[in-house]
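Below is one structure, written out as structure tokens; the observations come after it.
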Amino acid sequence: MEFEIIPSLSDTGYYGDTLALPKGDCQPCQCYPPGTQETADSEGGGSGPPVCDQLTGQCLCKPHVIGTNCDQCEPGYYNIISGEGCTACNCDPVGSVSKE
């Protein structure tokens with residue numbers, strides 16, 4: 001009889017392998033809060049721990065936010081601190097110094 005070994009995942013808000021020796025390898029997600037989607041709290045609000053991939057640690061970014069930690073706006077976007085994702089620049093190409 002053969003058994004398949006299924007890796008154990010870390011809890012929400014953490015990533016890594018709980019079965020790694022000697023004491024597991026779970027680490028907290030390193031997500032930038034304004035750019036990262038959050039889990040729901042016990043009342044269904046959005047103030048739980050940040051969401052990241054339980055194996056790689058890649059955070060789940062809000063719209064137009066990029067980076068492993070969700071800490072940068074896509075080119076052509078700004079205002080990550082809004083907490084709603086990044087906003088399109090909508091710059092006038094004639095008066096702009098760059099396309100970003």
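Here I66 is tied to no hydrophobic group at all, with no ILVMFWY side chain closer than 4.5 Å.
The shortest non-hydrogen separation linking A88 to Y78 is O-CE2, 3.6 Å. Across G85 and S82, no two heavy atoms sit closer than the pair O-OG, 3.1 Å. For T56 against D53, the heavy-atom pair with the smallest separation is N-OD1, 2.8 Å.
Atom OG1 of T87 is separated from atom NE2 of H64 by 9.0 Å, given to the nearest 0.5 angstrom.
Side-chain atoms of Q54 do not come within 3.5 Å of backbone N or O of Y15 as any donor-acceptor pair. Of the possible polar contacts, none joining the E84 side chain to the G35 backbone as a donor-acceptor pair under 3.5 Å is found.
Residues forming a side chain to side chain donor-acceptor pair (under 3.5 Å) with N79 (at least two apart in sequence, or on another chain): none. When the side-chain contact (heavy atoms from CB on, under 4.5 Å) test is applied to C31, the partners found at least two apart in sequence or on another chain are C29, T36, P50, C52, C59.
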Test log, rule side chain to side chain contact (heavy atoms under 4.5 Å, CB included), inputs Y32 and V65: CA-CA 10 Å; Y32 181 60; V65 177; over 6 Å; no
